[in-house]
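Whatever order the structure lists them in is the order used to number ligands and atoms, beginning at 1. Note that these values count all heavy atoms, side chains included, but never hydrogens, waters or copies made by symmetry.
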Amino acid sequence: MDGKLIYLMGPSGSGKDSLIEAVRERLRLLDCEVMRRVITRSAESVGEDALSVTPEEFDRRRRAGEFSLSWQANGLSYGIPAEMDQRLKTGRHVLVNGSRANLRQALEDYPTLLPVLLTVREEVLRERLLKRGRETLEQINARLARNALFHERRSISRPVFQLDNSGELAVAADHFVEWVKLNVVPDQI
Ligand SMILES: Nc1ncnc2c1ncn2[C@@H]1O[C@H](COP(=O)(O)OP(=O)(O)O)[C@@H](O)[C@H]1O
Ligand SMILES: O=P(O)(O)OC[C@H]1O[C@H](OP(=O)(O)OP(=O)(O)O)[C@H](O)[C@@H]1O
């Protein structure tokens, strides 16, 4: 049987990268691997365990079919390596750091994916983006404005697990791992 695909989404600054690092080892023990993204972001500002490539190299890889999923947002291109499909075919699970805007496309390609939405209270979000200091103020404002698009959007016709990260990261991480145990690997517990 195929493995399960966990599709993590959430606003920039909601804590997706932090959550991933907090649960990476526990997920590995549950046979769930975090897929490393390919991003056209400069190596210095990558800020996560991702492979940085030029836009030309990204296009070459996309045309060569090297991505299972790919999308563009915030002026960047993102790809999930096709290695993901090999893992799923052999019954192993994967977690991807995905995009809210790309969810519909991802559902067309992977109808059984499990969507997870990481949320944070609005006032906390801006504070965290400023504190992270990876983007300019202009880029931060653009990312906050982008969130309005998703508030208005009609919801998709399947359940989305909403996980709040307004409080302690360790609490959100424990909550997430519990959800994975119940929804992804119920046979193993
Ligand atoms: N629960 C939390 N409490 C306090 N700070 C957090 C929490 N989660 C994340 N952060 C901080 O908020 C900022 C944004 O988190 P990050 O993981 O980069 O978000 P994302 O990947 O969703 O953009 C980082 O500086 C991170 O250290
Ligand atoms: O459609 P959206 O849900 O808005 O997502 C758009 C992109 O932004 C995030 O990536 P990125 O790593 O660049 O940003 P972040 O680390 O600040 O979340 C997310 O992982 C998507 O790749």
Side-chain angles (χ1 to χ4, degrees), residues 5-24 27 34-53 55 58 61-62 67-81 84 94-110 113-156 160-177:
L5 164 57
I6 305 172
Y7 192 84
L8 178 65
M9 305 164 286
S12 182
S14 57
K16 299 180 296 300
D17 287 337
S18 305
L19 179 75
I20 286 170
E21 288 318 314
V23 301
R24 186 185 293 276
L27 292 193
V34 179
M35 295 307 301
R36 192 168 185 233
R37 304 199 291 184
V38 177
I39 309 181
T40 58
R41 180 150 53 203
S42 70
E44 308 82 65
S45 62
V46 115
E48 66 174 86
D49 179 31
L51 178 66
S52 168
V53 297
F58 189 95
R61 290 183 185 215
R62 188 177 48 76
F67 297 133
S68 295
L69 292 166
S70 67
W71 62 90
Q72 291 186 310
N74 304 323
L76 301 169
S77 297
Y78 300 82
I80 306 292
M84 179 179 97
V94 299
L95 166 65
V96 303
N97 183 351
S99 149
R100 293 164 296 174
N102 190 245
L103 176 60
R104 278 176 200 279
Q105 180 62 50
L107 275 166
E108 276 179 29
D109 297 342
Y110 298 90
L113 69 76
L114 298 167
V116 178
L117 180 66
L118 195 62
T119 60
V120 170
R121 289 200 311 276
E122 296 260 355
E123 69 272 18
V124 180
L125 188 60
R126 186 180 171 84
E127 210 174 282
R128 286 197 188 157
L129 283 169
L130 290 168
K131 196 168 154 219
R132 179 171 69 179
R134 193 179 69 190
E135 290 84 18
T136 64
L137 191 57
E138 194 183 359
Q139 286 170 326
I140 287 174
N141 285 332
R143 283 171 177 231
L144 290 168
R146 180 178 169 88
N147 291 334
L149 290 174
F150 301 99
H151 293 318
E152 287 157 19
R153 216 163 257 180
R154 270 183 301 142
S155 61
I156 54 159
V160 175
F161 171 50
Q162 298 217 20
L163 176 63
D164 185 61
N165 184 34
S166 305
E168 289 292 319
L169 178 64
V171 172
D174 286 351
H175 196 177
F176 182 63
V177 172

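Shown here for Ser12 and Arg132, the closest heavy-atom pair between the two residues is OG-NH2, 3.4 Å.
Met84 is listed as a side-chain neighbour of Leu5, based on a closest heavy-atom distance under 4.5 Å. Contact of the Asn102 side chain with the Tyr7 side chain is registered, since non-hydrogen atoms from C-beta on lie closer than 4.5 Å. At a threshold of 4.5 Å between non-hydrogen side-chain atoms, the residues Gln139 and Asn74 do not count as touching. Residues Arg126 and Asn141 have side chains in contact (heavy-atom distance under 4.5 Å, counting atoms from C-beta outward). Residues Leu137 and Leu130 have side chains in contact (heavy-atom distance under 4.5 Å, counting atoms from C-beta outward). Within the 4.5 Å cutoff, the side chain of Leu103 has no heavy atoms near those of the Phe150 side chain.
Of the heavy atoms in Ala172, none comes closer than 4.0 Å to ligand 1. At a 4.0 Å heavy-atom cut-off, ligand 1 does not touch Arg134 at all.
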Less than 3.5 Å apart, N/O on ligand 2 and N/O on the protein: could you list those pairs with the distances?
residue, atom, partner, partner atom, Å
ligand 2, 1 (O), Ser99, OG, 2.7
ligand 2, 1 (O), Arg100, N, 3.3
ligand 2, 1 (O), Ala101, N, 3.1
ligand 2, 1 (O), Arg146, NH2, 2.6
ligand 2, 3 (O), Arg100, N, 2.7
ligand 2, 3 (O), Arg100, NE, 2.7
ligand 2, 4 (O), Arg100, NH2, 2.9
ligand 2, 4 (O), Arg146, NE, 2.6
ligand 2, 4 (O), Arg146, NH2, 3.3
ligand 2, 8 (O), Asn74, ND2, 3.3
ligand 2, 10 (O), Tyr78, OH, 3.3
ligand 2, 12 (O), Arg37, NH2, 2.7
ligand 2, 12 (O), Arg41, NH2, 3.2
ligand 2, 13 (O), Arg41, NH1, 3.0
ligand 2, 13 (O), Tyr78, OH, 2.2
ligand 2, 14 (O), Arg143, NH1, 3.1
ligand 2, 16 (O), Arg134, NH2, 3.2
ligand 2, 17 (O), Ser12, OG, 2.4
ligand 2, 17 (O), Arg132, NH1, 3.4
ligand 2, 17 (O), Arg132, NH2, 3.0
ligand 2, 17 (O), Arg134, NH2, 3.1
ligand 2, 17 (O), Arg143, NH1, 2.7
ligand 2, 18 (O), Lys16, NZ, 2.7
ligand 2, 20 (O), Arg37, NH1, 2.8
ligand 2, 20 (O), Asn97, OD1, 3.1
ligand 2, 20 (O), Gly98, O, 3.1
ligand 2, 22 (O), Arg37, NH1, 3.2
ligand 2, 22 (O), Trp71, NE1, 2.9

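If you number the atoms of ligand 1 from 1 as listed, the ones under 4.0 Å from a heavy atom of Leu169 come out as 1 (N). For ligand 1, the atoms sitting less than 4.0 Å from at least one non-hydrogen atom of Ser12 are 23 (O), numbered in the order shown with element in parentheses. Of all the atoms in ligand 1, the ones that sit under 4.0 Å from a non-hydrogen atom of Glu168 are 1 (N). When each atom of ligand 1 is checked for a heavy atom of Lys16 under 4.0 Å away, the hits are 17 (O), 19 (O), 20 (P), 21 (O), 22 (O), 23 (O). Atoms of ligand 1 lying under 4.0 Å from at least one heavy atom of Pro11, given by number and element, are 22 (O).
Using a distance-only test at 3.5 Å, with no hydrogens or angles considered, no donor-acceptor pair links the side chain of Lys16 to the main chain of Leu118. At distances below 3.5 Å, at least one donor-acceptor pair connects side-chain atoms of Ser166 with backbone N or O atoms of Arg121. When atom types are taken as modelled, the side chain of Asn165 and the backbone of Ser14 share a donor-acceptor pair closer than 3.5 angstrom.
Taking each of Ala22, Ser18, Ser166 in turn, the one with a heavy atom nearest to atom 17 (O) of ligand 1 proves to be Ser18. Relative to atom 4 (C) of ligand 1, the option among Glu21, Arg128, Glu135 with the closest non-hydrogen atom is Arg128. In the candidate list Leu129, Val124, Asp17, Asp17 is nearest to atom 21 (O) of ligand 1, counting heavy atoms.
Once rounded to the nearest 0.5 Å, the distance linking CG of Leu19 with NE2 of His175 reads 11.5 Å.
Crowding of Glu123 atom CD: a count of heavy atoms from other residues, nucleotides or ligands under 6.0 Å exceeding 12.
An N or O contact shorter than 3.5 Å is missing between Lys131 and ligand 1 by distance. Here's the thing with Gly167: one of its N/O atoms is less than 3.5 angstrom from an N/O atom of ligand 1.
Heavy-atom distances between Gly10 and ligand 1 stay at or above 4.0 Å for every pair.
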